[in-house]
Amino acid sequence: MTQPAGPPVHASPARTPPVRTLWQVKASTLCNLRCRYCYEWDRLADRRRLPLSGWHRVFQAMADYAEYRFEELGIEAETLMVWHGGEPLLLPVGYIEDVLALQREMLGPGKLRIGRVINGVQTNLYRLNPAFDLMVREGFMFSVSHDATADVRLALGGQDSAGDVEANLRVLAQSGASNGVAVVLGRHNHLRLAEVHDALEATGAGFMRINPMFTPPGTAPGSDLELTPEEAIAALAALMRHRAATGSTFKVEPLGRAERAAARRRAGGTITARNRRSYGETRFVVHPDGALACEAGVIAAEHPLGNVIEQDMADIVRGPAYRAVLDATEAKIARHCDACDYRGACDIRALLEFTYDAPAGPCPIEARLCAVAEELEALAA
């Protein structure tokens with residue numbers, strides 16, 4: 001593949017350890033919950049699915065991008081394909097089996113020249129069914145959307161889903177599948193985040209991932225649940241202090257990332273920054289119609305790049321939409337990282353995740369989390 005336009009990449013880049021590119025594929029937006037803050041609110045009753053011919057193009061794009069990242073950037077990319085939605089467990093078992101067969105045909109052992117492919121699923125886990133059983137048998141990694149908070153993540157009949165999901169989390173943990181929980185941080189749970197953390201740790205989940213909520217469409221009933229950056233950092237900092245006080249070793253992101261950056265800075269170590277131009281993409285999003293986007297942050301719409309059904313990946317990564325993303329990211333790095341005490345110790349992942357419109361200077365959440373982590377580390381020394 002041809003490298004995207006911009007400053008040239010060295011002809012013989014140094015090889016780095018394998019890294020993961022996450023392909024978030026929305027096979028369908030159909031869902032059995034109506035979470036008040038859902039950014040797919042207007043499409044949750046849409047039964048259309050990505051056709052098998054579309055999956056063929058998606059898998060070709062995955063292979064092409066893995067090869068591009070290796071040949072042009074010197075990075076061996078492990079591909080994590082996350083089945084997303086909507087609710088993937090509503091997909092027919094036969095459809096899932098057909099997609100997995102095509103995946104093995106195109107990307108299975110001996111077929112994908114660079115790296116390997118891992119399947120994961122982002123699910124609300126409200127109902128266990130044959131699709132769940134199939135994914136467990138196939139070795140899927142599970143990330144469960146759950147806030148451990150009542151009256152926000154509601155079923156079609158208006159009933160709360162939290163109790164059913166917590167029971168199913170215990171079943172999932174007992175299945176032996178790799179699993180964790182994705183928590184949307186908002187006004188509904190920011191003052192009781194430590195309680196949510198402890199409840200999830202007790203289920204046997206493998207990790208907790210905290211995401212400040214996306215801005216929902218105006219038709220969704222939960223727009224009042226968004227937090228300001230100050231409220232988000234206060235909740236996350238309080239959880240860091242709670243974990244330090246209790247000695248919890250439960251894996252929590254982005255707290256763990258901030259703790260690692262703080263420790264790296266204290267030790268004088270450095271890490272390769274995830275600049276898109278030299279590192280490539282961490283996450284792509286594919287919509288049911290083949291529309292492709294890359295990460296813009298957990299609280300912002302993705303950057304649209306093109307359509308993998310209609311375009312080759314080579315054309316997409318050298319196209320004007322992607323060039324604009326590269327330029328905007330570098331401007332953001334200059335705006336927020338140049339004056340930050342943690343530059344070199346931080347992998348700048350926060351710039352892809354937390355996209356609040358903040359004044360120039362250290363990013364409004366990550367740098368503050370690093371400072372709290374450093375403070376707690378010093379107290380424990």
Side-chain angles (χ1 to χ4, degrees), residues 7 9-10 12-22 69-70 72-78 80 115 180 197 206-212 229 232-233 236-283 295 297-298 326 329-356 358 360-381:
V9 178
H10 295 300
S12 301
R15 298 306 186 196
T16 62
V19 296
R20 183 170 288 175
T21 303
L22 187 156
R69 207 175 187 192
F70 183 77
E72 303 294 343
L73 306 182
I75 296 173
E76 184 175 338
E78 180 180 73
L80 171 60
H197 168 278
F207 63 86
M208 175 182 179
R209 172 78 194 177
I210 306 170
N211 299 320
I233 189 62
L236 293 169
L239 180 57
M240 292 183 84
R241 294 188 172 95
H242 170 76
R243 286 168 49 81
T246 60
S248 174
T249 58
F250 187 33
K251 294 180 181 178
V252 179
E253 295 294 354
L255 306 189
R257 186 177 64 216
E259 291 161 358
R260 292 189 294 273
R264 199 176 292 119
R265 178 175 181 260
R266 284 171 62 89
T270 59
I271 189 171
T272 301
R274 295 187 177 188
N275 184 318
R276 280 183 153 116
R277 204 179 298 274
S278 59
Y279 189 88
E281 289 303 313
T282 301
R283 181 174 70 99
E295 192 167 42
V298 293
L326 297 177
T329 299
E330 290 185 346
K332 192 186 296 184
I333 290 170
R335 181 179 178 84
H336 295 298
C337 295
D338 285 354
C340 183
D341 291 340
Y342 296 94
R343 181 154 197 183
C346 171
D347 68 2
I348 74 169
R349 173 79 179 157
L351 290 183
L352 302 182
E353 293 188 352
F354 301 133
T355 54
Y356 292 107
C363 53
I365 290 183
E366 191 83 353
R368 297 271 296 280
L369 284 181
C370 287
V372 173
E374 203 163 24
E375 167 199 322
L376 293 172
E377 193 176 276
L379 289 173

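Atoms CZ and CD1, from Arg349 and Ile271 in turn, are 12.0 Å apart once rounded to the nearest 0.5 Å. The CG atom of Asp347 lies 8.0 Å from the CZ atom of Arg260; values are rounded to the nearest 0.5 Å.
Between Arg241 and Glu375, the closest side-chain pair of non-hydrogen atoms falls below 4.5 Å. With contacts defined as side-chain heavy-atom distances shorter than 4.5 Å, the pair Leu236/Arg368 does not qualify. Considering only heavy atoms from C-beta on, Leu80 stays 4.5 Å or farther from Arg283 through its side chain. Side-chain contact between Phe207 and Glu253 is absent, with no heavy-atom pair separated by less than 4.5 Å. Annotation: side chain of Leu22 is not in contact with side chain of Thr282 (no heavy-atom distance under 4.5 Å). Counting heavy atoms from C-beta outward, Ile210 and Pro254 have side chains that approach closer than 4.5 Å.
Between Ile348 and Ile333, the shortest heavy-atom distance links the atoms CD1-CD1, 3.5 Å. In this structure, Ala373 and Met240 approach most closely via the heavy-atom pair CB-CE, 3.4 Å. When all heavy atoms are compared, the tightest approach of Val372 to Ala237 is CG2-CB, 4.0 Å. Taking every heavy atom of both residues into account, Asn211 and Arg209 meet most closely at OD1-NE, 3.3 Å. Between Ser248 and His197, the closest heavy-atom pair is OG-CE1, 3.4 Å. In this structure, Ser278 and Leu73 approach most closely via the heavy-atom pair O-CB, 3.9 Å.
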What do the steps show when you test Glu295 against Arg276 for salt bridge (charged side-chain N to carboxylate O under 4.0 Å, His left out), and what is the final call? CA-CA 11 Å; Glu295 192 167 42; Arg276 280 183 153 116; 5.2 Å; no
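For Arg243, the salt bridge (Lys or Arg N to Asp or Glu O under 4.0 Å) test picks out no residue, with sequence neighbours left out. With sequence neighbours excluded, the residues that form a salt bridge (Lys or Arg N to Asp or Glu O under 4.0 Å) with Arg266 are Glu377.
Under 3.5 Å, the side chains of Glu366 and Tyr342 contain no donor-acceptor pair of N or O atoms.
The only option from Glu281, Arg69, Glu78 that meets the side chain to side chain donor-acceptor pair (under 3.5 Å) definition with Thr21 turns out to be Arg69.
At distances below 3.5 Å, not a single donor-acceptor pair connects side-chain atoms of Arg257 with backbone N or O atoms of Cys370.
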